[in-house]
Amino acid sequence: MIRTEELHSCNGTLKSRSGQKQTENYTLKNGYHKNEKVQKNGNGFHQPRVRGEDSFEEAPMYVAVLTYMGYGIVILFGYFRDFLRAVGLEKCHQAQEREEQKDFVPLYQDFENFYKRNLYMRVRDNWNRPICSLPGPVFDLMERVSDDYNWTFRLTGRTIENVINMGSYNYLGFAENNVDFLKTVAEKTRQYGVGVCSTRQELGNFSIHEELEHLVADFLGVESAMAFGMGFATNSMNIPALVGKGCLILSDELNHTSLILGARLSGATIRVFKHNNMQSLEKLLKEAICSGQPRTHRSWKKILIMVEGIYSMEGSLVRLPEIIALKKKYKAYLYLDEAHSIGAVGPTGRGVTEHFGVDPKEIDVLMGTFTKSFGATGGYIAGKKELVDYLRCHSHSAVYATAMSPPVVEQIIRAIKCIMGVDGTTEGQRRVRQLAENTHYFRSRLKEMGFIIYGNKDSPVIPLLLYQPGKVGAFSRAMLKRKIGVVVVGFPATTITEARARFCVSAAHTRDMLNKVLQSLDELGDYIRVKFSRHRRPYRPELYNVTNFGLDS
Amino acid sequence: MNVGVAHSEVNPNTRVMNSRGIWLAYLLLTTALHVVLLSIPFLSVPVVWTLTNIIHNLAMYLFLHTVKGTPFETPDQGKARLLTHWEQMDYGIQFTASRKFLTISPIVLYILASFYTKYDTTHFLVNTGSLLSVLLPKLPQFHGVRLFGINKY
């Protein structure tokens with residue numbers, strides 16, 4: 001656990017501290033100079049951006065009522081089907097306990113499988129589709145069919161080729177077979193091998209890992225950074241090292257499961273505020289400061305606010321300037337999970353700190369993953385040098401998990417250099433701009449068509465609300481017929497009325513691909529009637545041919 | 001584990017009854033049941049009201065006070081396995097808006113049924129017994145209590 005006195009002094013007073021001086025060799029190797037860095041940072045923070053509002057339009061009330069009736073009908077059919085299986089009229093495909101053990105305590109609860117065998121089984125062909133190519137902007141799917149209503153599948157041997165991929169988190173398009181990237185990755189594989197077989201604390205710390213961490217710290221504009229081999233574990237294994245018993249975690253309602261797991265493993269008290277609701281957060285902060293810990297009313301040792309940059313199922317952006325103001329007012333810490341937003345927002349792809357014009361040093365713990373915009377695996381935690389040095393000693397991942405594989409490290413290094421432009425090209429910045437352009441285009445066209453979509457206008461995660469459970473399966477199957485791969489989500493992964501299709505825009509999507517998807521969505525939206533928005537705006541009026549009108553003779 | 005979820009609930013059953021429009025759907029469903037029973041030609045109006053009340057309370061008893069656990073796996077390690085849906089609602093907090101609505105609605109239906117049966121003795125006893133079967137389990141004193149071991153495991 002971090003010493004509270006030291007961190008309080010850091011927060012309370014501005015102590016000038018000389019950070020770790022970068023070595024001459026490293027500076028020359030990457031072509032970086034301090035003047036350039038300071039100037040770049042200065043330019044970045046001068047221009048705070050106007051923040052677009054999140055969009056969370058609600059459907060009319062009858063849509064919610066029809067959704068509940070739809071669920072009611074499928075539940076009744078589920079009970080009916082259970083009855084048919086019980087009396088032997090329908091074949092039971094799943095495992096059953098033996099008759100000899102009927103007097104023992106059952107090994108599992110039968111009702112816990114109700115949803116899966118009666119509701120999910122009939123539509124499970126819409127998920128977990130096997131692919132047989134790189135998940136770039138287009139990919140190939142293996143064709144599979146079912147002869148028993150999705151209890152089992154068989155592969156036909158054919159492939160569905162050139163399916164447009166709207167489901168992968170390939171924001172900057174680095175999931176690609178780039179010859180230059182792969183050549184360098186192959187060289188590092190020959191030099192270091194494919195695996196490390198040890199932890200970062202022991203023999204698994206290579207010079208390539210150090211290089212990656214310096215590069216990440218430079219990219220983010222903070223003192224130090226540490227990389228981990230697994231993105232999920234970056235949250236779940238490092239939060240227990242930061243907070244513990246006697247601390248308070250204020251968690252957003254829609255935080256990812258990795259954040260929730262890390263919060264639970266820490267043993268700290270967890271309180272949840274409404275999604276992106278600053279009044280709710282401030283109310284909890286006030287109550288925490290005034291009342292202290294339960295029963296003893298002593299002060300909390302630490303208060304940690306946990307938020308995400310882009311919420312992966314909602315598409316909304318964090319309200320970072322307001323949260324930083326609250327953090328300073330109530331002297332709390334801020335943990336910012338930029339798993340989706342790093343590389344995906346901001347003028348040069350440096351995440352929500354750049355998007356809002358916020359100094360990255362104001363955020364106590366900057367977390368991100370390499371699994372989305374960088375086309376790799378793993379994650380990082382960045383911040384002050386003392387924070388990162390503390391994590392090197394106490395993080396569960398640093399002590400027990402294997403270090404990141406060297407070819408993966410090289411892939412990340414190549415991607416970050418491409419985004420920063422230090423590889424001598426403007427390809428990275430072109431991708432960042434292309435992603436923003438594709439995002440704005442796709443979002444505005446969907447709004448024009450009358451769909452209800454959630455999230456911020458700058459967010460490449462675009463949930464399209466379908467609401468009714470029957471339309472989830474129909475939507476996904478119809479889109480696959482049109483050679484478009486989408487991800488659909490329903491209850492219990494969402495709240496019961498907010499089933500949705502989640503689109504992820506990529507910089508590698510061409511305008512033709514997006515137009516094809518939009519045209520299919522327009523037809524399908526009318527066909528299955530999912531255009532519930534009441535803000536329909538006909539920006540593009542129909543062109544009437546004057547000669548079609550009859551003339552009086 | 002559901003890694004990609006659009007909420008942070010351990011048990012989605014806690015908030016289903018708080019969703020937008022579910023009270024309206026409940027009222028419409030009860031009204032539809034009543035209209036269906038009214039359209040059966042051999043039943044008189046008092047009998048229809050008593051049947052509506054009995055069927056409604058029977059369904060409420062089954063779904064809120066008999067069925068235990070969740071129909072899907074939850075990451076709470078089986079904590080909700082022995083709880084009825086009523087006990088899972090709103091994390092077990094009493095006197096929430098949903099609990100008040102679901103407590104008052106059978107009472108309103110009972111009052112309507114008593115009125116339309118013209119306070120006939122037989123109908124009154126049947127309706128009162130049916131109402132108590134869904135009202136007693138909803139009392140805060142009966143939270144988690146299993147009278148005579150009914151529905152304990």
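The figures here come from the full heavy-atom set of this structure, side chains too, leaving out hydrogens, waters and symmetry mates. Proteins get letters first, then strands, A, B, ... in listed order; numbering begins at 1 in each.
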Engaged part of Ala499(A) at the chain B interface, taking heavy atoms whose separation is under 4.5 Å: neither

Which atoms of Phe491(A) are under 4.5 Å from chain B, going by heavy atoms: the side chain, the backbone, both sets, or neither? side chain

Given that the side chain runs from C-beta out, which part of Met69(A) has a heavy atom under 4.5 Å from chain B: side chain, backbone, both or neither? side chain

Residue by residue, scan residues 21-51 of chain B and write down, ordered by number, those that have a heavy-atom distance under 4.5 Å to chain A; if none do, write 'none'. Gly21(B), Ile22(B), Leu24(B), Ala25(B), Leu28(B), Leu29(B)

Taking the six-membered ring for Trp, are Tyr169(A) and His340(A) ring centroids under 6.0 Å apart? yes

Indicate, with yes or no, if the rings of Tyr311(A) and His275(A) have centres closer together than 6.0 Å. yes

Check Glu87(B) with Lys138(B), please: is the shortest side-chain N to carboxylate O separation under 4.0 Å? no

Identify which one of Ile270(A), Leu284(A), Thr269(A) satisfies the side chain to side chain contact (heavy atoms under 4.5 Å, CB included) criterion when paired with Leu250(A). Leu284(A)

Over 12 foreign heavy atoms within 6.0 Å of CZ, Phe101(B): yes

Within a strict 4.5 Å, meaning less than it, do heavy atoms of the Met306(A) and Asn255(A) side chains meet? yes

Partner set under salt bridge (Lys or Arg N to Asp or Glu O under 4.0 Å) for Arg502(A), not counting sequence neighbours: none

Are the side chains of Leu64(B) and Thr84(B) in contact, using a 4.5 Å heavy-atom criterion? no

Considering the options Asn235(A), Thr234(A), Thr369(A), which one meets the side-chain hydrogen bond (donor to acceptor under 3.5 Å, both in side chains) requirement together with Asp337(A)? Asn235(A)

Applying a criterion of heavy atom separation less than 4.5 Å, what residues of residues 111-137 of chain B form contacts with chain A? none

Strictly distance-based, threshold 3.5 Å: is any side-chain N or O of Arg99(B) a donor or acceptor partner for the main-chain N or O of Ala97(B)? no

Name all pairs fulfilling the side-chain hydrogen bond (donor to acceptor under 3.5 Å, both in side chains) condition that reach into residues 63-83 of chain A, sequence neighbours left out, sorted by first residue then second. Arg81(A)-Glu90(A), Asp82(A)-Arg85(A), Asp82(A)-Arg117(A), Asp82(A)-Asn118(A)

